[in-house]
Asker: 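Dropping a structure here in structure tokens format, bear with me for questions.
Just so it is clear, the model here is predicted, and its values are computed rather than measured. One-based numbering, in listed order, for ligands and for the atoms of each.
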Amino acid sequence: MTSPASVVLVFLDSAFPDGRLADASQPQLLVTDQGATRGDGAFETMLAVGGNVRKIQAHLDRLDGSGKALDLAIPGQDQWRRAIAAAIAEHRSQHPPVSDADDELVVKLVVTRGAEGAAAPTAWVQVSPVGAGARRQRETGIDVILLDRGYDSDAAERAPWLLLGAKTLSYAVNMAALRHAHKQGADDVIFFSSDGRVLEGPTSTVLLAHVDKSDDGTPVKRLITPQLDSGILAGTSQGALFKAAKEAGWELGYGPLVPQDLLDADAVWLISSVRLLAPVNRIDGQEIGTPSLQKELTAELNELFAGIQ
Ligand code: PLP
């Protein structure tokens, strides 16, 4: 649980060019705000390391894309950048990092359709510490269950009003899936579509790796993720890691994947901006890959990912 005392809020407000600092322990939204009453809005969750947000341009671009899908006027990127810088600076001054290893913050951008009848959206930046759970799961890995997402992999194209590729505020289903997993003793979920394709986690992208030997005996490493047009959110972490892995000589693949591909992989991860790479130890109780190879590949990908700004 994040205590309001450790949260810094900066609202985007046309009267304040660098954003308006607000008290996170006090009410700040009208009860008619459509973000609260309908989950009508979009968000981004980013990681700041040493005060710098990683992949900020990719997050701001994805937020613009979510705004287009929702017909929602998203504030300009310069306005976001100023408010983000102000919020991070305020957090670091209120809670100075005690060590370099500790110098990570979660930076969340939220835009709602605003209060009913309002002309402008409500938009704010929220900065808070990274939870111990996310840090732990990077190290220990996670157990995952497979769950049916309830639509087929063509639904995004057939029914754009489902907003499947957008990062909307309507995450109640994603959170319900996580609670379902926790009740089964698992840590997380991998969704599959009704036509049997691997999709994504409720808050992460699925990655798998295969290591084969080429004819001359050198290892060929392949990193694979589900098809981006199958109704999943395009992960900024997956995108950045794929670019770095390609430069480091990995082969890349984009699905389609079925659950058996996960069970046959040498390693599987869930990747996202804050938790980073969480190695998947078991899926539906079945151990994945070989622990030593998983460890080696995780270390290599972590190093590549750490180099991304
Ligand atoms: N897929 C979903 C549904 C998500 O909610 C997230 C992040 O929260 C991701 C994938 C991973 O995205 P990113 O790597 O940009 O954090």
Side-chain angles (χ1 to χ4, degrees), residues 39 41-49 53-66 69-70 80 84 104-111 126 128 130-131 133-135 137-138 142 144 146-151 153 155-156 162-181 187-193 197-208 223-245 254-255 257 268-278 280 301-302 304-306 308-309:
F43 75 106
E44 281 296 319
T45 304
M46 325 189 287
L47 181 70
V49 180
V53 175
R54 301 178 74 194
K55 311 179 264 87
I56 187 167
Q57 191 60 51
H59 284 285
L60 291 173
D61 290 346
R62 188 169 66 186
L63 185 60
D64 282 343
S66 298
L70 283 159
W80 280 115
I84 291 165
E104 291 188 337
L105 292 169
V106 180
V107 181
K108 193 166 173 179
L109 315 182
V110 185
V111 193
Q126 174 184 311
S128 54
V130 175
R135 286 171 185 268
Q137 290 185 350
R138 295 173 190 166
I142 51 178
V144 163
L146 292 166
L147 291 183
D148 186 349
R149 188 70 170 91
Y151 51 70
S153 55
L162 293 179
L163 303 170
L164 293 180
K167 196 163 168 66
T168 76
L169 286 174
S170 310
Y171 259 47
V173 167
N174 306 42
M175 297 300 108
L178 281 179
R179 287 194 302 276
H180 185 81
D187 303 296
D188 214 318
V189 169
I190 294 179
F191 285 125
F192 60 89
S193 62
R197 300 274 169 83
V198 174
L199 295 175
E200 62 187 347
T203 63
S204 57
T205 306
V206 177
L207 299 181
L208 68 81
L223 193 57
I224 307 170
T225 197
Q227 279 164 291
L228 294 178
D229 62 1
S230 56
I232 61 175
L233 185 75
T236 62
S237 311
Q238 172 271 320
L241 182 62
F242 264 43
K243 195 161 173 270
Y254 296 86
L257 296 172
V268 176
W269 301 269
L270 292 184
I271 188 170
S272 53
S273 295
V274 173
R275 189 173 57 182
L276 310 178
L277 279 153
V280 174
L301 292 176
N302 271 332
L304 287 175
F305 201 56
I308 291 162
Q309 284 310 305

Asker: Any nitrogen or oxygen of Tyr171 lying under 3.5 Å from a nitrogen or oxygen in ligand 1? Just yes or no.
Answerer: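 Between Tyr171 and ligand 1 (N or O atoms, distance only) the closest approach is under 3.5 Å.
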Asker: Out of His59, Lys167, Met46, Arg54, indicate the one that has the non-hydrogen atom closest to atom 8 (O) of ligand 1.
Answerer: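 Nearest heavy atom to atom 8 (O) of ligand 1 lies in Lys167.
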Asker: Looking only at atom types and distance, does a side-chain atom of Arg54 sit under 3.5 Å from a main-chain N or O of Ile308, one as donor and one as acceptor?
Answerer: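 Yes; at least one donor-acceptor contact below 3.5 Å.
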Asker: Please could you name the atoms of ligand 1 that Thr205 approaches to less than 4.0 Å, counting only its heavy atoms?
Answerer: 10 (C), 11 (C)
Asker: Just need the protein heavy atom nearest to atom 10 (C) of ligand 1, so name the residue and atom and give the distance.
Answerer: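 Checked against all protein heavy atoms, atom 10 (C) of ligand 1 sits closest to Ser204 C, 3.3 Å.
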Asker: State plainly whether the residues Arg275 and Asp188 are in salt-bridge range, i.e. N to O under 4.0 Å.
Answerer: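 Salt bridge flag = yes for Asp188 with Arg275.
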Asker: Using the side-chain contact (heavy atoms from CB on, under 4.5 Å) rule, pick out the option among Ile190, Val189, Thr203 that qualifies with Leu270.
Answerer: Ile190
Asker: What about Glu200: any of its N or O atoms under 3.5 Å from an N or O on ligand 1?
Answerer: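 N/O-N/O distance below 3.5 Å exists for this pair.
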Asker: Enumerate the atoms of ligand 1 whose separation from the nearest heavy atom of Gly235 is less than 4.0 angstrom.
Answerer: 12 (O), 14 (O), 15 (O)
Asker: If hydrogens are left out, which of Ala240, Gly165, Ser237, Gly239 has an atom nearest to atom 14 (O) of ligand 1, that is, the closest non-hydrogen atom?
Answerer: Ser237
Asker: Determine whether a donor-acceptor pair (N or O, by modelled atom type, separation under 3.5 Å) exists between the side chain of Arg62 and the backbone of Ala234.
Answerer: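 Here the side-chain-to-backbone pair exists.
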Asker: So if I count the atoms of ligand 1 from 1 in the order they appear, which ones are less than 4.0 Å from some heavy atom of Pro202?
Answerer: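 Under 4.0 Å from Pro202, ligand 1 has these atoms: 3 (C), 5 (O).
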Asker: Please answer whether the main-chain N or O of Ser193 pairs with a side-chain N or O of Ser153 as donor and acceptor at a distance below 3.5 Å.
Answerer: no
Asker: side-chain contact (heavy atoms from CB on, under 4.5 Å) between Tyr254 and Thr225: does it pass, once the steps are laid out?
Answerer: CA-CA 5 Å; Tyr254 296 86; Thr225 197; 3.7 Å; yes
Asker: Is Thr236 close to ligand 1, meaning an N/O of one under 3.5 Å from an N/O of the other?
Answerer: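 Looking only at distances, the answer is yes, because the N/O contact criterion of under 3.5 Å is met.
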Asker: Answer with side chain, backbone, both or neither: which part of Arg62 has a heavy atom less than 4.0 angstrom from an atom of ligand 1?
Answerer: side chain
Asker: Using modelled atom types only, decide if a donor and an acceptor are shared between the side chain of Arg138 and the backbone of Val274 within a distance under 3.5 Å.
Answerer: yes
Asker: Can you tell me how far CG of Leu233 sits from CG of Leu199, rounded to the nearest 0.5 angstrom?
Answerer: 12.0 Å
Asker: Using a strict cut-off of 4.0 Å, indicate which atoms of ligand 1 neighbour a heavy atom of Gly201.
Answerer: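 Taking each heavy atom of Gly201 in turn, ligand 1 has 3 (C) under 4.0 Å.
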Asker: Please state which protein non-hydrogen atom is closest to atom 13 (P) of ligand 1 and give its distance, to 0.1 Å?
Answerer: Ser273 OG, 3.4 Å
Asker: Just heavy atoms, cut-off under 4.0 Å: does Ala58 contact ligand 1 by side chain, backbone, both, or neither?
Answerer: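 Neither; no heavy atom under 4.0 Å.
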Asker: Among Leu207, Leu208, Val206, which residue satisfies the side-chain contact (heavy atoms from CB on, under 4.5 Å) criterion with Pro226?
Answerer: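 When Leu207, Leu208, Val206 are each tested with Pro226, the side-chain contact (heavy atoms from CB on, under 4.5 Å) holds only for Val206.
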